[in-house]
Amino acid sequence: MPIIKLPDGKTLEFNKAVSGKEIAEKISKSLSKQALIMTVDDELKDLSYLINNDSSVKIITPKDSEGLDAIRHDTTHIMAMAVQELFPGTKIAIGPAIKDGFYYDFSRKEPFTLKDLEKIEKKMRQIIEKDEPTKREVWERKKAKEHYKKIGENYKVELVDSIPEDQEVSVYYHGKWYDLCKGPHLSSTGKIGKYFKLTKVSGAYWRGNSNNEMLQRIYGTSWPSQKELDEYLKRIEEAEKRDHRKLGKEMDLFHFREESPGSVFWHEKGWSLFQKLVSYMRKKQDQAGYKEINTPEILDRSLWEKSGHWEKFGENMYTSETPDEKIFAIKPMNCPGCVQVYNQGLKSYRDLPLKMSEFGKVHRYEPSGALHGLLRVRAFTQDDAHIFCTEDQITEECLSVTNLILEIYKDLGFENVILKYSDRPEVRVGEDQVWDKSEAALLKAVKASKLEYSINKGEGAFYGPKIEFVLRDAIGREWQCGTLQVDLNLPERLGASFVDRDGSKKIPVMLHRALFGSLERFIGILIENYSGKLPFWIAPLQVMVIPVSEDFDTYAKEVNQKINNIGINSEVDLKNHNLNYKIREHSMAKIPLLLICGKKEVDSNTVTIRRLDSNKQENMEVKTFLKKFAALNRAPSN
RNA sequence: GCCCUUGUAGCUCAGCUGGUAGAGCAAUUGAUUUGUAAUCAAUAGGUCCGCGGUUCGAAUCCGUGCGGGGGCACCA
C-alpha cells in the first residue's frame with residue numbers, strides 16, 4: 001500500500017504497486033499527457049517503474065530541466081538507431097544529452113557527410129512515427145559483456161566494465177534496436193515529438209582521451225516544441241552575427257594572415273581601441289598603487305630552466321637560436337622577468353606589498369586546433385601584475401585585486417561575475433605544505449569576496465592555486481578573463497627575498513594577477529558583448545561629421561576640428577554621396593554618433609546628433625555638445 | 001596535434017560532369033548637391049592559397065604543404 005508524496009505536499013494512497021503513469025493520470029489528465037519521466041525519492045525513473053513503498057514522487061514534464069534532458073537523451077538514442085539501420089556495421093559508443101541538445105559518438109570508417117545527416121534525420125522521423133514502446137531490461141553483467149563482445153560492440157564492452165559493481169546493467173529497447181543505458185527514457189519513441197535537428201559532425205576521442213581512437217560525433221538539438229526549436233536556432237544565428245571575427249573585419253579593426261597564425265595584425269581603429277583600454281587600466285592601476293615596469297621579450301634559456309618553465313611549459317614555448325648558437329626563449333609569461341626587477345636592490349618588509357604591473361606581450365605556441373580569432377591566439381598582451389607580499393598579506397591583497405577587477409569589469413559593462421577556484425594540479429613544482437598554505441589563503445579570499453564560486457579540482461597553475469574571474473555577457477555566455485594566482489614557489493626558485501623586521505632574510509609570496517587576462521581576448525569579448533556597438537568612451541572612432549551637401553563642408557570641418565581638439569576621435573565625411581548613403585554607411589560601421597551639418601546647423605551654430613541604433617534627431621549647440629561629450633569621454637568610474 | 005570541412009577580385013559569393021573566370025558591393029572617374037539607412041553612369045580590378053602530378057588542356061581531378069571554419073584534445 002504505497003503512499004505517494006507529491007511535491008506540493010499532497011499524498012496519494014494506492015492499494016498496490018503503482019507506476020508513474022498511473023500517478024500522473026490520477027493527478028490530472030493534462031499532467032499525464034505531458035509526463036515524460038519521474039523522480040522517486042529524487043532518483044530519476046521511467047514512468048513505467050513500479051513503486052512498492054512509500055515514496056516522494058515528482059512527475060517530470062518538458063518544463064523541467066530533467067524533462068528536457070530526457071527528450072534529448074531519447075532523441076540521441078533514436079539517432080543512433082537510425083544510423084545503425086542506415087549504415088550497418090557502425091559501432092556505437094556514448095550518446096548523452098548536453099546543453100541545448102545531444103550527441104552520439106560512432107565508429108565507422110567512412111565519414112558521415114551533411115547529406116548523411118539529412119538521411120539520418122528522415123529515418124529518425126520514420127522511427128518516431130512508428131511510436132514503438134521503449135522497454136527496459138536488466139541484464140546480467142556477464143551476459144551483457146559477452147553479448148556485446150559477440151556482436152563486436154567493443155565500446156559497449158568497455159562501458160559495461162566501467163559500470164560500478166553495485167549498479168544494475170540495464171538495456172533499453174525501441175523495437176528491435178537496443179542500447180546499454182542507465183535511463184530513464186520516455187515510454188515510446190513517439191513521445192519525443194518532431195522538434196529536433198541534426199546540426200554538425202565532428203571528431204571526438206573515445207573517452208575524451210587524445211591517445212584513444214577518434215570517433216565520429218554527430219550533434220543535434222531537440223526541443224519540446226517548434227517554437228522552442230526556432231528560438232534556439234535564432235539564438236545561434238544571433239550569436240553568429242556577433243562573431244568578433246566577422247565584426248572585426250567589417251569594422252576594420254584587425255586581421256589575421258598565414259604568415260603568423262594566431263597573431264593579430266591590428267589596424268588603426270583596432271589599435272586605438274586597444275590603446276584606450278591600456279590607458280584606462282594604467283589610470284586604474286596608478287590609483288590602486290601599482291608601479292608599471294617592462295621586461296625583455298627574449299630571455300636566456302637558463303632563466304626558464306631556473307623558473308621551471310622550461311620543464312613544465314616547454315612544449316608551448318617559442319625558442320630562438322642566435323648566430324652564436326645561444327638558445328633564448330620568447331617569454332610565454334612575464335613573471336620571471338618581473339622577479340628579476342624585484343631582485344634589483346635590497347627589499348625590506350617595509351616595501352611590501354610591492355605591486356609591479358606590466359603590459360607584457362607573451363608568445364605561446366598553442367596547438368593549431370585551439371586558435372580562434374582574438375579569443376585564442378599565440379601572441380597576446382597580458383595586463384599583468386605581480387604583487388610581492390608576506391604570507392599574512394595574501395588574503396587582503398587578493399581581496400583588493402578582486403575589487404579592482406570587479407570595478408573595471410563594471411566600467412566596461414560586465415556586472416555579472418563569478419569565480420572559479422582551482423587547486424593543485426598533478427604536474428607541479430613545490431612542496432605539499434607550501435601548497436596547503438597557498439590554497440588556504442586564496443580560498444579565504446574567495447569566500448570573503450562573497451561572489452558565487454565553483455571549485456575546479458586539480459586545475460591550478462603548476463606553481464600555485466588560482467582563481468579565475470568569469471563574466472557573463474549580454475547573451476548569457478560565460479567568458480573566463482581575469483586570473484589571480486598565489487605563488488609560493490617562483491620567488492624562491494629565482495632567489496627573491498626581503499629583510500624582515502627582525503633583520504632576517506625571508507622569501508616573499510608572489511601573487512600573479514591579470515585583469516582582462518589578455519587584451520586581445522578581452523577585445524574579442526567586448527566586441528561580441530556589444531555586437532560591435534561599443535560604448536562611446538571606448539569606441540575607436542566616436543563621431544562622424546556629415547555635411548548635408550558640399551556647401552557645408554567648411555562648417556563640418558570646423559566642427560570636426562573642435563571635437564578632435566577635446567580628445568574625441570572624430571572624422572568628417574566629405575565624399576560625394578547623399579545623406580542617406582552616408583548615414584547607412586556609418587551606422588553599419590557602428591560609429592556611436594553621427595553629426596549632421598546643413599543650413600539649419602550653420603545658421604544656428606549647432607549640430608544635429610543621430611545616435612547609433614536610433615533615428616531620433618537631437619539638435620544641440622556646438623558648445624553644448626563639446627561640454628556634454630567631453631564628460632562622457634571617460635570611464636563611468638572616473 | 002586529431003577528425004571533418006573549406007580556400008575564386010578589397011568584401012560577400014557564383015562558376016554543372018575538365019576547354020586559360022563572372023555578379024553585387026567597395027574603389028577610381030564623371031554627372032548629380034542631396035535633410036536622416038544604398039543617386040546615376042563609365043572605368044579599372046584576379047599567380048582561381050602554394051608546390052607537384054594526371055591530361056592535348058586544370059579554378060575544376062589526384063597527391064602534398066600552408067591557412068580558415070566546426071568539433072575533440074589542449075588552455076600553465
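In this structure, Lys628(A) pairs ionically with Glu618(A), as a charged nitrogen and a carboxylate oxygen lie closer than 4.0 Å.
A donor-acceptor pair shorter than 3.5 Å can be found between the side chains of Asp573(A) and His586(A). Looking only at atom types and distance, the side chain of Ser357(A) has no donor-acceptor partner in the side chain of Arg513(A) under 3.5 Å away. Neither side chain, Asn560(A) nor Glu571(A), offers a donor N or O lying under 3.5 Å from an acceptor on the other. Donor-acceptor pairing under 3.5 Å is lacking for the side chains of Tyr104(A) and Gln216(A). Between Trp223(A) and Thr221(A), the side chains place a donor N or O and an acceptor N or O closer than 3.5 Å (distance only, hydrogens not considered). Side chains of Arg207(A) and Tyr205(A): a donor-acceptor N/O pair is absent below 3.5 angstrom, by distance only.
Pairing for A26(B) is absent, with no Watson-Crick or G-U wobble pair whose two atom distances lie under 3.5 Å. When Watson-Crick and G-U wobble pairs are counted only if both distances are under 3.5 Å, C72(B) pairs with G1(B). In a base pair of the Watson-Crick type (N1 to N3 plus N6-O4 or O6-N4) or a G-U wobble (N1-O2 and O6-N3), with each distance short of 3.5 Å, G46(B) is matched with no nucleotide. Using N1 to N3 plus N6-O4 or O6-N4 for Watson-Crick, or N1-O2 and O6-N3 for G-U wobble, each under 3.5 Å, A37(B) pairs with nothing. The partner of A59(B) cannot be assigned: no Watson-Crick or G-U wobble pair with both contacts below 3.5 Å exists in any strand.
One finds a side-chain N or O of Lys249(A) lying less than 4.0 angstrom from the OP1 or OP2 phosphate oxygen of U12(B).
Separating the CZ atom of Arg376(A) from the P atom of C75(B) is a distance of 8 Å, rounded to the nearest angstrom. Put simply, CD on Glu366(A) is 16 Å from P on A73(B), counting in whole angstrom units. Atom CG in Leu114(A) sits roughly 14 Å away from atom C1' in C3(B) (whole-Å rounding). One interatomic measurement links the two molecules: OH of Tyr365(A) to P of A73(B), which rounds to 20 Å at whole-angstrom precision. Following rounding to the nearest Å, Met317(A) (CE) and C75(B) (P) show an atom-to-atom distance of 16 Å. Taking atom CD on Glu110(A) and atom P on U5(B), their separation rounds to 12 Å, with Å as the unit. Here C72(B) presents its P atom at 12 Å from CD1 of Ile94(A), a figure rounded to the nearest Å. Note: CD (Glu459(A)) to C1' (A73(B)) measures 14 Å, nearest angstrom.
Residues passing the ring pair (Phe, Tyr, Trp, His ring centres under 6.0 Å) test with His255(A), sequence neighbours excluded: Phe265(A), His267(A). The side-chain hydrogen bond (donor to acceptor under 3.5 Å, both in side chains) check on Glu305(A) picks up Arg301(A), with sequence neighbours excluded. Residues passing the side-chain hydrogen bond (donor to acceptor under 3.5 Å, both in side chains) test with Trp206(A) are Glu158(A), sequence neighbours excluded.
Across G18(B) and G57(B), the matching C1' atoms stand 8 Å from one another, rounded to whole Å. Only the P atoms considered, A59(B) is 10 Å distant from G19(B), to the nearest whole Å. U43(B) and C4(B) have their C1' atoms separated by 44 Å, with the value rounded to a whole Å. Across the P atoms, G68(B) and U39(B) are found 37 Å apart, a figure rounded to whole Å. Rounded to whole Å, the P atom of C40(B) lies 24 Å from the corresponding atom of G45(B).
Within the 4.0 angstrom heavy-atom criterion, only backbone atoms of the sugar-phosphate kind lie near Pro111(A); the bases stay farther away.
With hydrogens and angles disregarded, no donor-acceptor distance shorter than 3.5 Å links the side chain of Trp304(A) to the backbone of Phe328(A).
Less than 6.0 angstrom separates the ring centroid of Phe388(A) from the ring centroid of Tyr342(A). Ring centroid separation for the pair Phe87(A) and Phe112(A) comes in under the 6.0 Å cut-off.
Mapped onto RNA chain B by nearest heavy atom, Leu215(A) and Gln480(A) fall at different nucleotides, with Leu215(A) at the one closer to the 5' end.
For the contact set between residues 206-213 of chain A and RNA chain B, defined by any heavy atom under 4.0 Å, the members are Gly208(A), Ser210(A).
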Return a single string for nucleotides 64-71 of chain B, one symbol per nucleotide in 5' to 3' order, where B is base contact, S is sugar-phosphate-only contact and - is none, cutoff 4.0 angstrom on heavy atoms. --SS-SBB

Let me have a per-nucleotide readout for nucleotides 34-39 of chain B, 5' to 3', with B, S or -, counting only protein heavy atoms under 4.0 Å. BBBBBB

